[in-house]
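Have a look at the structure below, then the notes.
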Amino acid sequence: MEHKVELLAPAGNYEAFIGAINAGADAVYLGGKKFGARAYADNFSTEEICRALRIAHFMGRKIYLTVNTLVKESEFDELYDYLLPFYEAGLDGVIVQDLGVFAYIREHFPELPLHASTQMTLTGARGAAFLKEQGVVRIVPARELSLEEVREIKERTGMEIECFIHGAMCYCYSGQCLFSSVLGGRSGNRGRCAQPCRLPYQIYEDGRPVSGEGYPLSLKDLCTLSLLPKLMEAGIDSFKIEGRMKKPEYTAGVTALYRKYMDRCEQYGAEGYQIEEEDFRRLRSLYIRSEIQTGYYERHNGKEMITLRKPGYGGSDEVVLNRIRASYLHEPDKMPVTMCADVKVGEPLGLRLAGEDIQVSVTGDIVEQARKLPMQEADIRKQLLKTGNSCVTISACTVAMEGEAFVPVGSLNQLRREAVAALEEERIRQHGLSAGRTQDVSVCRSRKENILDARPSMDNRNIRDCLVSTYDQLRVVTEAACRRVYVDSDLYIREHSRVAELLSRRAEYEYALALPYVIRARDEEYLRRLQENLKKDGGLIRGFLIRNLEELSYVMELPGNYAVIPDVGLYCMNGEAIRFFAQYCDEVYLPYEVNGKEASRLVEQAHGLHRIASMVVYGRIPMMVTANCLKKTSGRCRGGEEAGGGRGQSGLKDRYGRVFPVETHCEHCYNIIYNSVPYSLHLKSKEVRRIGADVLRYDFIMESAGDCRRIISGEAFPYQDYTTGHLKRGVE
């Protein structure tokens, strides 16, 4: 095979990094003490990362740093000083989720390659092409994509694509999960997921259990050894192993096996590719979650992907672990080099290092005539052989001396260090990698100040918007006082005639469509129908609520001048993210995961950019958006026939008796798992006023027309239990 695929291994600590390098990884991804999506991993100190970069580059390998969490406004000023030493040490790339972090790095560290994390929920070529225009060089698409979808992104964009091939799987589209955050304040978007998806639940329909207690949200671990030939032929650039929270033995053992079979595939091709059963046994002994499966590459979802009974990791084979430790968990072998020293009175001290296909020479101070005892050759050799933590070892050392010479020990040590560093840097350059960068001193650490401080031009504060999912809800909200009504795009297409007729009768309102949470290749026909309806309506729809970058790119392609409003899940956690979206949008939404004080600061940031700041004050928080389907898991899928291809309802009941409503979106084949109680700030008017948002949005998902009317009018709140979300405490 001509296409060379990178094998990318995880490292939760320095020992795991060493294991990955020794086991044959082409690159390693790791996290420092801040801004990484594995906050509970050991992670690396700054010194360890810089040393790892030197070792990796000397061996022709790369290192990517994870800065793949949402960064709070209060934390943002730490980012420059955190990244600077890694940038100067030649870091090969940074993996990013937060679009504010992305824009900041692009501006302040322009030579640092930017990789879009799987947390960005990239599901198609539109979103990938958009990020390419912004300067992203590599994307990690959603793990739910099929191999054909991945191939299409590659063919249409030409971008580097990195795909997971092994390890634990999230049930939710990465970046769209608020389950741990809502239930316990530990945000998966901040690297602190408590994994409530691994707990037992029962599946309910129509108030009745349709499954016993099990683990319907716990996916089996991914293992793609059997698919490697197909994956390698798809044009994927990097195969990624999950596991920064796992032990070094796991990293080394899994990396070694995938290295073996990737090499075998390159050598023999698909026809000669065979897997030894013993290697499958070894994989299963390395912290596998009971069973394995091949992921979404050849299927959209399925019960066979779920670990229904035993979601915990099984034991490990100590014999296998001991072999891995002996084989891989040691410092990499150093390069043997020969050393020649010229110590001649009256001439500069000279030192030459030579290895296979490499040679460097350095010179130092003038060698002085000894006033008393001249230096002996053995004394000089003793100092020159001390290569310490470098990547080389001296296999032979010759010292050519002329005259009775004296050289200070410090000069010998300095020259040796310079020679070793020069040889390491020359080897790194031979590999085409960076031995280090010098940051432009004109680049300012500080962030841009917002030059506008006026509020957006709004008639009054706390304007109300409403989002509706059913025709009855739409009928109610068009009778109330709203600025804008967001109509679910599925409703708009499914019941277009009467929806359009109702909207045209209430022309005093502004109408926008709320697009699906996820769109993929299967939705092209849906988007075509959407455009046809827009043409029929002649400007009735004036904007779009977008949930992902794929939709941002789609709306920008549409003829006409539509307002673009990024929803809560396109996280504006900091001023830089607001600045990014301000290029395309006049309005931004506050995330669910900020507290009142943080929200107020973000409103100030939006106003400084002359943008409208909006927030949701009522609704059901979508805690998971999933490609897998509870109806299919429980054997009750009817092939997209729910509500004429629309939506079905089910529920999840946890150990405490709480029931989480689940909507089955058959049109797009995804589920949304909502919180068990509504989110409402109806008794927090003082706190809401203090936040100062311009627009307050009410989201109606499964409410009856009567409940909608009571909530909008401020009559008796229809639900006894509700949550105020993170208004008080926020998330870790």
Side-chain angles (χ1 to χ4, degrees), residues 1 4-30 41-42 52 55-64 162-168 221-229 231-232 236-269 272-289 292-295 313-335 391 431:
M1 296 184 178
K4 179 69 175 177
V5 183
E6 173 186 271
L7 178 57
L8 177 58
N13 57 32
Y14 186 79
E15 188 180 19
F17 159 74
I18 291 298
I21 291 293
N22 286 332
D26 298 304
V28 175
Y29 66 102
L30 50 81
D42 291 345
I55 293 172
H57 288 175
F58 185 81
M59 299 179 70
R61 321 294 176 83
K62 295 181 179 181
I63 288 182
Y64 309 128
E162 176 181 304
C163 289
F164 284 92
I165 58 166
H166 194 90
D221 278 12
L222 175 67
C223 176
T224 63
L225 275 183
S226 62
L227 296 182
L228 274 188
L231 294 173
M232 294 186 76
I236 299 169
D237 298 279
S238 182
F239 288 168
K240 186 173 194 173
I241 299 168
E242 182 276 338
R244 282 197 293 130
M245 291 288 287
K246 298 191 178 87
K247 294 181 180 180
E249 292 87 347
Y250 166 88
T251 296
V254 173
T255 300
L257 282 172
Y258 275 93
R259 175 80 280 157
K260 172 181 176 179
Y261 285 101
M262 286 173 66
D263 291 347
R264 182 171 292 186
C265 195
E266 288 177 353
Q267 182 176 1
Y268 300 109
Y273 184 79
Q274 291 184 333
I275 304 171
E276 299 163 26
E277 185 57 38
E278 176 63 16
D279 286 333
F280 270 128
R281 191 193 70 79
R282 289 175 185 168
L283 273 181
R284 290 187 177 95
S285 72
L286 290 170
Y287 313 104
I288 293 294
R289 195 182 299 280
I292 57 177
Q293 44 98 14
T294 56
Y313 286 105
S316 300
D317 187 327
E318 196 61 33
V319 173
V320 172
L321 297 184
N322 285 333
R323 288 175 182 168
I324 291 171
R325 293 184 194 111
S327 299
Y328 305 115
L329 299 186
H330 54 77
E331 287 289 331
D333 294 337
K334 297 188 175 187
M335 173 188 283
C391 298
H431 290 310

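What you see is a predicted model, and the numbers here were worked out from it, not measured in a lab.
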Q: Mind checking the CD1-OH spacing from Ile165 to Tyr261? Nearest 0.5 Å is all I need.
A: 13.5 Å

(Q) Do Met59 and Ile21 have side chains that approach each other closer than 4.5 Å (heavy atoms only, starting at C-beta)? (A) yes

**Q.** Side-chain touch Phe280/Cys223, heavy atoms, less than 4.5 angstrom
**A.** yes

Q) Which heavy atom in Val28 sits nearest to a heavy atom in Ala20, and how many Å separate them? A) CG2-CB, 3.9 Å

(Q) According to side chain to side chain donor-acceptor pair (under 3.5 Å), who are the partners of Asn22, at least two apart in sequence or on a separate chain? (A) none

Q: Specify the closest pair of heavy atoms between Ser238 and Leu8, including all atoms of both residues, with the distance to one decimal.
A: OG-CB, 3.5 Å

Q | Heavy atoms of other groups near Lys240 NZ, more than 12 under 6.0 Å | A | yes

Q. Under the 3.5 angstrom rule, does the side chain of Arg244 hit a backbone N or O of Leu30 as a donor-acceptor pair?
A. no

Q: Given side-chain contact (heavy atoms from CB on, under 4.5 Å), test Leu286 with Ile324 step by step and report yes or no.
A: CA-CA 11 Å; Leu286 290 170; Ile324 291 171; 3.7 Å; yes

Q: Over all heavy atoms of both residues, which pair between Ile292 and Arg284 is shortest? Give the atoms and the distance, please.
A: CD1-NH2, 3.9 Å

Q) Are any side-chain N or O atoms of His166 and backbone N or O atoms of Val254, one a donor and one an acceptor, separated by less than 3.5 Å? A) no

Q. Can you name the nearest heavy-atom pair linking Gly243 to Thr251, along with the distance?
A. O-OG1, 4.3 Å

Q.
Let's go through Cys391 and Ile55 carefully: what are the C-alpha distance in whole Å and the side-chain angles of both, what is the deciding distance for side-chain contact (heavy atoms from CB on, under 4.5 Å) to 0.1 Å, and is it a yes or a no?
A. CA-CA 7 Å; Cys391 298; Ile55 293 172; 4.2 Å; yes

Q: Report yes if the side chains of Glu162 and Phe239 come closer than 4.5 Å at any heavy-atom pair, otherwise no.
A: no

(Q) Within this structure, what is the CG-NZ distance for the pair Leu225 and Lys260, rounded to the nearest 0.5 Å? (A) 10.0 Å

**Q.** Results of side chain to side chain donor-acceptor pair (under 3.5 Å) for Arg282 - residues two or more places apart only
**A.** Asp279

Q) Is the backbone of Leu321 close enough, under 3.5 Å, to the side chain of Glu249 for a donor and an acceptor to pair up by distance? A) no

Q. Tell me, do Ser226 and Thr294 make a side-chain contact under 4.5 Å, heavy atoms counted?
A. yes

(Q) For Ile241, is there any backbone N or O sitting under 3.5 Å from a side-chain donor or acceptor partner on Tyr29? (A) yes

**Q.** Any residue meeting side chain to side chain donor-acceptor pair (under 3.5 Å) with Glu318, in chain and number order, not counting sequence neighbours
**A.** Arg325

Q.
For Leu228, is there any backbone N or O sitting under 3.5 Å from a side-chain donor or acceptor partner on Tyr273?
A. no

(Q) Check whether Glu276 reaches the backbone of Glu278 with its side chain - one donor and one acceptor, N or O, closer than 3.5 Å. (A) no

Q. Got Phe164 and Leu222 here, is their nearest side-chain heavy-atom distance under 4.5 Å?
A. yes

Q. Does any non-hydrogen side-chain atom of Asp237 lie less than 4.5 Å from one of Val5?
A. no

Q | Main-chain N/O of Leu7 paired with Asp26 side-chain donor or acceptor, under 3.5 Å | A | yes

Q) Do the side chains of Ile18 and Pro332 get nearer than 4.5 Å, heavy atoms only? A) yes

Q) With no hydrogens and no angle check, is any side-chain donor or acceptor of Arg61 less than 3.5 Å from a backbone partner on Ala25? A) yes

Q. Are Cys265 and Met232 side-chain neighbours, meaning at least one heavy-atom pair lies under 4.5 Å?
A. yes

Q.
On the six-membered ring of Tyr250, is Lys247 placed so that its NZ or CZ lies under 6.0 angstrom from the centre and within 45° of the ring axis?
A. no

